[in-house]
Amino acid sequence: MWQVDRTVAQLRNSVTDPDGDKANLTFEVWTVDAAGKPKAKVKLTGQNADPANEGDVSAEYGVIVSKMVASGSKATVTVPHGNLKPATTYAFRTSAYDGSLYETDWSPYATFKTRGRQVDITLQAPKRDATDPAFDTSWQPVPGWGSVQTRRRG
């Protein structure tokens with residue numbers, strides 16, 4: 001069983017078209033019962049968490065559809081944040097489409113588990129023109145100030 005560190009999982013499967021056409025895969029995600037058998041379909045929602053994969057979430061059907069890939073390649077999608085729970089086992093399966101024909105059968109299920117107590121944090125990108133935080137100007141001498149001299153009396 002595959003393990004993922006976050007509740008944003010990247011799923012992939014190989015797709016082969018008999019004619020050699022490009023194809024995409026539709027991904028379904030399911031919760032599983034105590035025996036590891038698919039129990040309830042997770043209705044996926046939200047935006048694809050990884051635009052580089054160009055997969056689209058279908059709000060109507062609760063699935064993710066990958067971008068078109070060459071026959072024999074792996075199609076990859078990223079489950080959007082908020083759809084998976086920590087410390088939970090899931091199963092997913094795929095079905096192909098080559099632009100004209102849909103595959104009539106689903107692939108066998110593959111299982112994965114999200115690890116527990118994971119916190120997903122997204123930090124803002126650093127500002128390229130920001131001042132280096134290691135450069136502190138507060139200690140710089142002010143122009144025109146001279147050194148202080150003391151006189152001894154006595």
Side-chain angles (χ1 to χ4, degrees), residues 1-140:
M1 177 182 320
W2 294 100
Q3 298 239 354
V4 295
D5 288 331
R6 303 180 316 163
T7 56
V8 177
Q10 194 173 69
L11 308 176
R12 65 179 58 96
N13 198 2
S14 297
V15 58
T16 304
D17 183 77
D19 303 328
D21 295 333
K22 284 185 169 187
N24 65 22
L25 288 178
T26 297
F27 289 77
E28 282 187 344
V29 177
W30 292 69
T31 59
V32 297
D33 62 18
K37 302 287 184 204
K39 180 171 106 178
K41 183 177 166 191
V42 177
K43 187 166 170 64
L44 302 173
T45 61
Q47 296 294 323
N48 185 347
D50 188 355
N53 292 324
E54 298 177 14
D56 292 318
V57 178
S58 167
E60 182 178 358
Y61 298 106
V63 298
I64 302 177
V65 180
S66 74
K67 68 177 183 176
M68 295 292 244
V69 297
S71 180
S73 300
K74 289 192 186 291
T76 303
V77 298
T78 304
V79 177
H81 178 74
N83 286 280
L84 304 176
K85 295 179 170 92
T88 305
T89 303
Y90 294 94
F92 76 93
R93 65 182 183 171
T94 60
S95 179
Y97 173 66
D98 70 358
S100 61
L101 296 172
Y102 286 94
E103 185 175 23
T104 55
D105 294 323
W106 287 90
S107 70
Y109 285 96
T111 58
F112 67 98
K113 181 176 182 173
T114 56
R115 293 192 176 144
R117 296 174 30 168
Q118 177 62 35
V119 178
D120 292 320
I121 298 174
T122 302
L123 300 176
Q124 294 179 348
K127 294 182 179 179
R128 301 269 182 228
D129 58 347
T131 305
D132 183 348
F135 182 71
D136 181 5
T137 59
S138 64
W139 64 270
Q140 299 290 329

Problem set entry | Pairs meeting criterion salt bridge (Lys or Arg N to Asp or Glu O under 4.0 Å) with involvement of residues 68-84, two or more places apart |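 The answer is none; no pair qualifies.
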For this session: Just grab all the salt bridge (Lys or Arg N to Asp or Glu O under 4.0 Å) pairs involving residues 86-103, residues at least two apart or on different chains.
Result: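 Qualifying pairs: E28-R93.
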Distance check, rounded to the nearest 0.5 Å: [X] atom [atom1] versus [Y] atom [atom2]?
X	Y	atom1	atom2	value
H81	T45	NE2	OG1	10.5 Å
T111	W30	OG1	CH2	15.0 Å
D19	S71	CG	OG	9.0 Å
Y90	K85	OH	NZ	5.5 Å
S73	K22	OG	NZ	9.0 Å

[X] and [Y]: which non-hydrogen atoms are nearest, and at how many Å?
X	Y	answer
M68	N24	SD-N, 3.4 Å
L84	A9	CD1-CB, 3.7 Å
T78	I64	O-CD1, 3.6 Å

Exercise. Is V57 close to N83 at the side-chain level, that is, under 4.5 Å between some pair of heavy atoms?
Worked result: no
Problem set entry | Side-chain touch V79/F27, heavy atoms, less than 4.5 angstrom | no
List the atom pairs, donor and acceptor, that lie under 3.5 Å between side-chain atoms in residues 32-40 and the rest of the protein, sequence neighbours left out.
| residue | atom | partner | partner atom | Å |
| --- | --- | --- | --- | --- |
| D33 | OD1 | A35 | N | 2.9 |
| D33 | OD1 | G36 | N | 3.0 |
| D33 | OD1 | K37 | N | 2.9 |

For this session: Start with the C-alpha gap between K41 and V63, add the side-chain angles, then the distance that decides, and say whether side-chain contact (heavy atoms from CB on, under 4.5 Å) holds.
Result: CA-CA 9 Å; K41 183 177 166 191; V63 298; 3.8 Å; yes
Exercise. Run the side-chain contact (heavy atoms from CB on, under 4.5 Å) check on V15 and V69 step by step: do they pass?
Worked result: CA-CA 8 Å; V15 58; V69 297; 3.3 Å; yes
Exercise. Checking side-chain contact (heavy atoms from CB on, under 4.5 Å) for the pair T94/F92: CA distance, chi angles, key distance, verdict?
Worked result: CA-CA 7 Å; T94 60; F92 76 93; 4.3 Å; yes
Exercise. Checking T114 side chain against A87 main chain: does a donor-acceptor pair fall under 3.5 Å?
Worked result: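 Side chain of T114 to backbone of A87, a donor-acceptor pair under 3.5 Å: yes, one is there.
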Problem set entry | Test item: N13 side-chain N/O and A75 main-chain N/O as donor-acceptor pair under 3.5 Å |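 Side chain of N13 to backbone of A75, a donor-acceptor pair under 3.5 Å: no, none is there.
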For this session: Walk me through it: do T26 and Y97 pass the test side-chain contact (heavy atoms from CB on, under 4.5 Å)?
Result: CA-CA 8 Å; T26 297; Y97 173 66; 5.8 Å; no
